[in-house]
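Have a look at the structure below before the remarks.
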Amino acid sequence: KNLVEQLLDFRKVEQRIKKLSLFRTDISAFVRNICNSFNDSTSFSDDLVIFQSSFNHYVPADRDVLNKIVRNLISNAIKYNRKGNTISVGVDNKSVTKNPLLKNVYSAGNIDKNFEAVFITVEDKGIGISGDLLPEIFKRFYRVDDVQNKELGTGIGLSLVKSLVLLHKGKIVVESDPNIGTKFTV
């Protein structure tokens, strides 16, 4: 069912049928609730999703789109995280500091400087991704080749995330290094 929904969302974005339904949203509370749902799930008992935010304002957001973006990023972080490490999720209105340990960077989209931006980060301490593969991970059906991970995805999630971020007039940045981890910022 989830795969079918993702493919339908893709088609709507591609055909410019999908429109945003913006609502005044307490972005920190919204993302915190998503994080809590992962922590409450028994299927992710080895990974703890840590949420932190100093941002407590309401912003216009499409809650369905935002939910899909954050859930996809956290699901990937859990999938590729090393056992027992935490996943850090944050919300802030200040530009996010680059992680000095992660040397490979790729980004898509632009932020309009005339508007205040909200940054959501999801960071793991997992297997990481080499720099030459970073642009590839956003292509539809591309999957990171990891023989240790038996639960490889469909290769749709990050491509959908990128499309939804761009639909929201946002930007997505990924920083990563093999054996250190990965950080996504939207």
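As the structure is a computational prediction, the values presented were derived from the model and not from experiment. Below, each value reflects all heavy atoms present in this structure, side chains not excepted, and no hydrogens, waters or symmetry copies.
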*Transitive ILVMFWY cluster of Val105, excluding itself - 4.5 Å side-chain cut-off*: Val173
*Qualifying residues under side-chain hydrogen bond (donor to acceptor under 3.5 Å, both in side chains), relative to Lys139, sequence neighbours excluded*: Glu136
*Indicate yes or no for a side-chain donor-acceptor contact from Arg82 to the backbone of Lys125 under 3.5 Å, with no hydrogens or angles considered.*
yes
*Flag yes if more than 12 heavy atoms outside Asp132 fall under 6.0 Å of its CG atom; otherwise flag no.*
yes
*Mind checking the CG-CG spacing from Leu158 to Asn72? Nearest 0.5 Å is all I need.*
7.0 Å
*CD1/Ile74 to NZ/Lys79 distance, rounded to the nearest 0.5 angstrom?*
13.5 Å
_Donor-acceptor check, side chain of Asp124 to backbone of Gly181, threshold 3.5 angstrom: yes or no?_
no
*With no hydrogens and no angle check, is any side-chain donor or acceptor of Thr25 less than 3.5 Å from a backbone partner on Phe23?*
yes
*asked:* Quick check on side chain to side chain contact (heavy atoms under 4.5 Å, CB included): which of Asp92, Leu66, Asn56 does Ile27 satisfy it with?
replied: Leu66
*Is the cationic atom of Arg32 (NZ for Lys, CZ for Arg) positioned less than 6.0 Å from the six-membered ring centroid of Phe51 and within 45 degrees of its normal?*
no
*Okay, side chain of Asp177, backbone of Ile180: is any donor-acceptor separation there less than 3.5 Å?*
no
*Measuring from Ser28:OG to Tyr58:OH, what's the distance to the nearest 0.5 Å?*
10.5 Å
*Out of curiosity, does Leu134 fall in the hydrophobic cluster containing Val186 (side-chain heavy atoms, cut-off under 4.5 Å, transitive links)?*
yes
*Which residues satisfy the ring pair (Phe, Tyr, Trp, His ring centres under 6.0 Å) test with Phe55, sequence neighbours excluded?*
His57
*May I ask whether Phe138 and Leu164 are part of the same hydrophobic cluster, defined by side-chain heavy atoms of I, L, V, M, F, W, Y residues being less than 4.5 angstrom apart, directly or through others?*
yes
*asked:* Please give me the minimum heavy-atom distance between Gly109 and Leu166, naming the atom from each residue.
replied: CA-CD2, 3.4 Å
*Which residues share a side-chain hydrogen bond (donor to acceptor under 3.5 Å, both in side chains) with Asn33, sequence neighbours left out*: none
*asked:* Can you list everything that forms a side-chain hydrogen bond (donor to acceptor under 3.5 Å, both in side chains) with Asn76? Sequence neighbours excluded, please.
replied: none
*Show the numbers, then the answer: is there a side-chain contact (heavy atoms from CB on, under 4.5 Å) between Ile129 and Thr182?*
CA-CA 7 Å; Ile129 307 162; Thr182 303; 4.1 Å; yes
_side-chain contact (heavy atoms from CB on, under 4.5 Å) for Phe184 and Ile137? Distances and angles first, verdict last._
CA-CA 12 Å; Phe184 285 91; Ile137 65 173; 3.9 Å; yes
*Could you grab the distance from atom CD1 of Ile69 to atom CD1 of Ile172, nearest 0.5 Å is fine?*
7.5 Å
*asked:* Do Ile127 and Asn179 make a side-chain contact, defined as non-hydrogen atoms from C-beta onward lying under 4.5 Å apart?
replied: no
*Any chance you could lay out the side-chain contact (heavy atoms from CB on, under 4.5 Å) test for Val31 and Val89, step after step, and finish with the verdict?*
CA-CA 8 Å; Val31 174; Val89 179; 3.7 Å; yes
*Please name all residues satisfying side-chain hydrogen bond (donor to acceptor under 3.5 Å, both in side chains) with Asn67, sequence neighbours left out, ordered by chain then number.*
Arg71
*Any donor-acceptor pair under 3.5 Å linking the side chain of Asn104 with the backbone of Ser176?*
yes
_side-chain contact (heavy atoms from CB on, under 4.5 Å) between Lys68 and Val161, intermediate numbers included_ = CA-CA 7 Å; Lys68 288 174 182 165; Val161 165; over 6 Å; no
*For Asp62, does its backbone N or O pair with a side-chain atom of His168 as donor and acceptor, under 3.5 Å?*
yes
*Spatial distance of atom CD1 (Ile34) from atom CG (Leu73) [nearest 0.5 Å]*: 10.0 Å
*Straight-line distance of Asn93 CG to Ser54 OG, nearest 0.5 Å*: 7.0 Å
_Arg24 backbone acceptor or donor facing Arg63 side chain under 3.5 Å_ = yes
*Report yes if some heavy atom in the side chain of Ile87 is under 4.5 Å from a heavy atom in the side chain of Val122; otherwise report no.*
yes
